[in-house]
There are 2 protein chains.
Amino acid sequence: MCPPPALTGHGLDTLDEEERVTTRVGIKEVARLAGVSTATVSLVLNDRAAERIPASTQERVRRAALESGYAPNRLARSLRTRRTHTIGLISDRIATTPYAVRMVEAAQETARRHGHLLFLVSTGGDRELEQEAVAALLDQQVDGLVYACMWHRVVTDLPQGLPPGTVFLDGRPAGGGFPAVVPDDRGGAVAAVQHLVDAGHRRIAYVDIDEEPPPEASGLRHQGYLEVLERAGIQADPALHVRGRSDAAGGAEAASRVLDLPADRRPTALFCFNDRIAMGAYAAARRHGLEIPRDLSVVGYDDQQLIAAELDPGLTTVALPHHAMGRWAVEVLLGERERPTQDDGVVLMPCPLIRRESVGPPSVRDPDRRRV
Amino acid sequence: MCPPPALTGHGLDTLDEEERVTTRVGIKEVARLAGVSTATVSLVLNDRAAERIPASTQERVRRAALESGYAPNRLARSLRTRRTHTIGLISDRIATTPYAVRMVEAAQETARRHGHLLFLVSTGGDRELEQEAVAALLDQQVDGLVYACMWHRVVTDLPQGLPPGTVFLDGRPAGGGFPAVVPDDRGGAVAAVQHLVDAGHRRIAYVDIDEEPPPEASGLRHQGYLEVLERAGIQADPALHVRGRSDAAGGAEAASRVLDLPADRRPTALFCFNDRIAMGAYAAARRHGLEIPRDLSVVGYDDQQLIAAELDPGLTTVALPHHAMGRWAVEVLLGERERPTQDDGVVLMPCPLIRRESVGPPSVRDPDRRRV
DNA sequence: TCCGGCTGTTAAACCGATTAAGCACGTGCT
DNA sequence: AGCACGTGCTTAATCGGTTTAACAGCCGGA
């Protein structure tokens, strides 16, 4: 029992106590306790013993490790094995879209389940920070990188030096060449609008977002919207495609524009770009004396709990598969799941329709009762 | 046990190219290029040269490093220096309270500004996972740990083996002994209620949350509420302290209970435990034919953007200093800021009042007009 | 008796940096 | 000439593990 000199200066009486606190027990100590060499300890504890080392010795080593509370220094191990069991997640931002956070959480959880730790870096979209982050993470010898976006988008100028295996999350690299997963916005829109068509609606407006340039999701959802109309033999009315700011006020304003149309052209249902716009649509409906879903059906997008579930009546909406995407990204990164080869490596994750109470059959009310 | 692909993989033709991609240039290569030993390279690049090494040599080394794109392997460096420049953040959950995410983001940003990377682990409140996380992070030799809660609470059973410097964020350890930062809920309530008193209100209700056990914040805000009333010489009316579920419906129901009181006891202002409850209070006010702020003033808590800013009229509320707390925690951890010694190491972070349009002078309307 | 092979274990190289200690050389002083 | 000292660098130990090659001892067969 002759301990190595303690590194700290603050002298306690009992060296024993001090050591417990400051110095972790290493493989050497275990080897000494078990009366073997460090090589043997390493072999045993890593199950590389392969019959070469008798059970008795293995038992001795394991007991020594357990009793001394040995935990290997992963730094040292990683230096030799060249695997750190860490991954880096770079995201443009995490706080803005509340439920996109689920992506990060899912990524972290998946990493953990596979024995990895996750470095989180959010760059606020700053190119320079992003570049620094890539470098810092590679310096740390991460086993892989996830490049996450908080909105479905096409990433045009990638940082330099992204390692080949990097996985894109909720975005895809302009040039391709990396595995990527994004929500199936077109498919989600199809589900939403089909739901309205199935309920009997023929005049369905798309209350789009008004942003320049329009986000990926905007165009894709429009495609889905048009696709369903066409399949249903409904002539799309350009007047029913309106745009508004992405908040309740903007949504109310845009929704009002279609609700103000003459009775024979006025929509009986609204497909809103997102839940905030749908929230505004509720307000507009109220101002037009329309009751949801009796007089007007509304479908949103995003399934933001704070809005969709709290509105009265509950908003039928389409959920973004944040959790599934976060998990997918890490699984692909860690080789637990096949890398996609089709479609330039881009995988579309389905967006499930969440049915609440904001959709019903079209109203048959007297047009004169339209305003209050 | 599928082997992760790590950074290497898909073979390229030219070894040269391959090397560029797979093998990072090490200190040895730089030494060779500059015609010196690795020791010299290390000395120069770490500015430990201290006049011992002439400028000409330094120049040569630096150029070699730059030209070869040398970046030190932080694993190796850390093994030797015993500092990894990484910190671990353990949080019970990150997705639930949307804006608590700011805490994590602030922590990450602060870590980055001080040259550190942040490991994120969210445990879902699972004790066992929490324990594993502590162990895994310590194995990785993190320089420190932040233990974050997503609601202000007292942490009763801490995981084993938390290193002494661990900082608590939005929570404090039951036994003390660790630095901790929590929002000043009492102070925030004081600001909110004082604001109402200053506007002339005398009958102010506290629409509390109905949870067992009541969260820390509930009691503290109640204290602040009572404190202001007492200072203002207002007799607190127990009937004006009601509780409801923490959502819009619960808030509406609880608010209705006080709005149903006879005119001479009915409050002219509501202080709500949070913004979701305040959202319900808006609905209740509407149903009672009361206009905000003309007939009823409302103050919330949390400043949830999706609610507070979107409501009409905008909700005056109290913001939780998530950003400031996240930053504080990391600064204390990294020794950039003095550890608190007062109050068992617990620091109260001020909660600023956010003034919007939901507060006005008390109504002088005819009580008979109360219902519509 | 000698040799090959098997068993159980270990010495030592290695990962890529940092850093204490020391060496070689020139210079100035006595 | 001899010596101390400063300058400019290098050697080698070290961090805490993993991994390869080899060694000691024993056994059985030729």
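Here is the naming used below: chain letters follow the sequence lines, and residue numbers restart at 1 for every chain. Just so it is clear, the structure is predicted and the values come from calculations on it, not from any experiment.
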Which nucleotide wins on minimum distance to the side chain of B:Arg52, given the candidates D:dT18, C:dT19, D:dG8? D:dG8

Can you tell me the distance, in whole Å, between the CG atom of A:Asn46 and the C1' atom of D:dG16? 13 Å

Calculate the interatomic distance between B:Leu45 atom CG and C:dT18 atom C1'; express it in whole Å. 12 Å

For DNA chain D, whose closest nucleotide is more 5', that of B:Pro54 or that of A:Thr81? B:Pro54

Which heavy atom in A:Ile87 sits nearest to a heavy atom in A:Ala111, and how many Å separate them? CD1-CB, 4.0 Å

Within this structure, what is the CZ-to-C1' distance between A:Arg83 and D:dG17, rounded to whole angstrom? 17 Å

Could you check whether any side-chain heavy atom of B:Arg112 comes within less than 4.5 Å of a side-chain heavy atom of A:Leu129, counting everything from C-beta outward? yes

Can you tell me which nucleotide in D:dG16, D:dT19, C:dT9 comes closest to the side chain of B:Leu79? D:dG16

Where does the angle between the aromatic ring planes of B:Phe119 and A:Phe119 fall among parallel (under 30°), tilted (30 to 60°) and perpendicular (over 60°)? parallel

Of the listed nucleotides (C:dC14, D:dC9, D:dC15), which one gets closest to any side-chain atom of A:Arg80? C:dC14

Whole-Å distance between D:dT14 P and A:Lys28 NZ? 9 Å

For A:Val41, report the nucleic acid contact type (base, sugar-phosphate, nothing); a contact means any heavy atom under 4.0 Å. nothing

Counting heavy atoms from C-beta on, name the nucleotide in D:dT10, D:dC15, D:dG17 closest to the side chain of B:Arg82. D:dC15

If you look at every strand shown and take non-hydrogen atoms under 4.0 Å, does B:Arg74 touch a base, only sugar-phosphate, or nothing? nothing

Minimum-distance nucleotide to B:Arg48 side chain [options: C:dT19, C:dC15, D:dT18]: C:dT19

Report which part of the nucleic acid B:Leu75 touches: base, sugar-phosphate, or nothing (heavy-atom distance under 4.0 Å, all strands). nothing

Would you classify A:Thr40 as touching base, sugar-phosphate or nothing, given that sugar-phosphate means primed atoms plus P, OP1 and OP2, and contacts are heavy atoms under 4.0 Å? base

Going by atom types alone, do B:Gln131 and B:Arg127 pair a side-chain donor with an acceptor below 3.5 Å? no

Of the listed D:dC9, D:dT18, D:dG16, the closest approach to the A:Thr38 side chain comes from D:dT18

Can a salt bridge be assigned to the pair A:Asp139 and B:Arg77 using a cut-off of 4.0 Å between side-chain N and carboxylate O? no

Name the residue closer to the 5' end of DNA chain D, choosing between A:Val25 and B:Ser56 according to the nucleotide with the nearest heavy atom. B:Ser56

Nucleotide C:dA17, atom C1' - distance to CD of A:Gln140 in whole Å: 13 Å

Reckon B:Tyr70 has a side-chain N or O less than 4.0 Å from the OP1 or OP2 of C:dA17? yes

Where do A:Val41 and A:Val61 come nearest, in terms of heavy atoms and distance? CA-CG1, 4.0 Å

Taking N and O atoms by type only, does the side chain of A:Arg77 place a donor or acceptor under 3.5 Å from a partner on the base of D:dT18? no

From CG of A:Asn73 across to P of C:dA17 the rounded distance in Å is 17 Å

Atom-to-atom span, CZ of B:Arg24 to C1' of C:dC15 - whole angstrom: 14 Å

If you look at every strand shown and take non-hydrogen atoms under 4.0 Å, does B:Thr57 touch a base, only sugar-phosphate, or nothing? sugar-phosphate

What is the separation between atom CG on A:Leu43 and atom C1' on C:dA11, rounded to the nearest whole Å? 13 Å

